> 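I have a structure I would like to understand better, so I am pasting it below and will then ask my questions one at a time.
Just so it is clear, the structure is predicted and the values come from calculations on it, not from any experiment.
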Amino acid sequence: MALMTPATHSAVDLKLRKAADVIEESQRVPQTGHMNFEAALRILYECRTLIDAETDVDKVVGHLETAAVELGELDSGNAPCVRTAIRAIGDMVNVLKAQEG
């Protein structure tokens with residue numbers, strides 16, 4: 001069980017906030033069809049909240065992976081901003097796993 005450093009914790013939170021910012025910006029642009037960006041933002045917010053209280057890297061990775069799956073299951077999952085958020089989460093997971101190993 002590896003513990004997250006404060007710097008890593010901040011970096012993960014910042015990436016999740018930036019992903020949410022991109023979705024919020026996309027939400028302001030008129031879309032065809034219902035994109036469900038509110039649900040995507042809620043998923044990112046809940047992930048940030050769970051991670052904020054967590055210090056175990058494995059559990060943080062689990063929260064991130066769950067968020068990525070939930071984002072992909074939304075009807076907005078194919079929207080470019082949501083795909084970008086999913087890729088950013090995947091990148092964070094890879095970095096955390098690399099630091100752990």
> Identify the two heavy atoms, one from Leu41 and one from Ala20, that lie closest to each other, and give their separation to 0.1 Å.
CD2-O, 3.4 Å
> So do Arg83 and Leu71 actually touch side chain to side chain, heavy atoms under 4.5 Å?
no
> List the steps and the verdict of side chain to side chain contact (heavy atoms under 4.5 Å, CB included) for Val60 and Met92.
CA-CA 10 Å; Val60 170; Met92 285 184 279; over 6 Å; no
> Can you find a pair of side-chain heavy atoms, one from Lys15 and one from Asp91, that are under 4.5 Å apart?
no
> If you compare all heavy atoms of His9 against all heavy atoms of Glu54, which two are closest, and at what distance to 0.1 Å?
NE2-O, 2.8 Å
> Do Ile51 and Val12 come close enough that some side-chain heavy atom pair is under 4.5 Å?
yes
> Output all residues satisfying salt bridge (charged side-chain N to carboxylate O under 4.0 Å, His left out) with Glu24, sequence neighbours left out; order by chain, then residue number.
none
> Tell me every residue that passes side chain to side chain donor-acceptor pair (under 3.5 Å) with Asn94, counting only those two or more places apart in sequence or in another chain.
none
> Taking NZ, NE, NH1 and NH2 as the nitrogens, is one of them in Glu38 or Arg42 under 4.0 Å from a carboxylate oxygen of the other?
no
> Does any part of the side chain of Lys18, heavy atoms only, come nearer than 4.5 Å to the side chain of Leu14, both counted from C-beta?
yes
> Kindly indicate whether the side chain of Ile89, heavy atoms from C-beta on, has any atom under 4.5 Å from the side chain of Leu44.
yes
> Could you tell me which residues satisfy side chain to side chain contact (heavy atoms under 4.5 Å, CB included) with Glu65, sequence neighbours excluded, listed by chain and number?
Val61, Val93, Lys97
> Side chain of His63, backbone of Thr49: donor and acceptor closer than 3.5 Å?
no
> Give the intermediate values and the outcome of salt bridge (charged side-chain N to carboxylate O under 4.0 Å, His left out) for residues Arg48 and Asp52.
CA-CA 6 Å; Arg48 286 181 59 211; Asp52 188 45; over 6 Å; no
> List for me each residue that meets salt bridge (charged side-chain N to carboxylate O under 4.0 Å, His left out) alongside Arg87, sequence neighbours excluded, and say none if there are none.
none
> Taking side chain to side chain contact (heavy atoms under 4.5 Å, CB included) as the definition, give me every residue that meets it alongside Glu70, ordered by chain and number, with sequence neighbours left out.
Ile43, Thr66
> Output all residues satisfying side chain to side chain donor-acceptor pair (under 3.5 Å) with Thr5, sequence neighbours left out; order by chain, then residue number.
Thr8
> I'd like to know whether Asp21 forms a side chain to side chain contact (heavy atoms under 4.5 Å, CB included) with Glu25, so could you lay out the CA-CA distance, the side-chain angles of the two residues, the decisive distance to 0.1 Å, and finally the verdict.
CA-CA 6 Å; Asp21 289 346; Glu25 186 63 34; over 6 Å; no
> Is Phe37 close to Val82 at the side-chain level, that is, under 4.5 Å between some pair of heavy atoms?
yes
> Between Cys81 and Val22, what is the shortest heavy-atom contact and its length?
CB-CG1, 3.7 Å
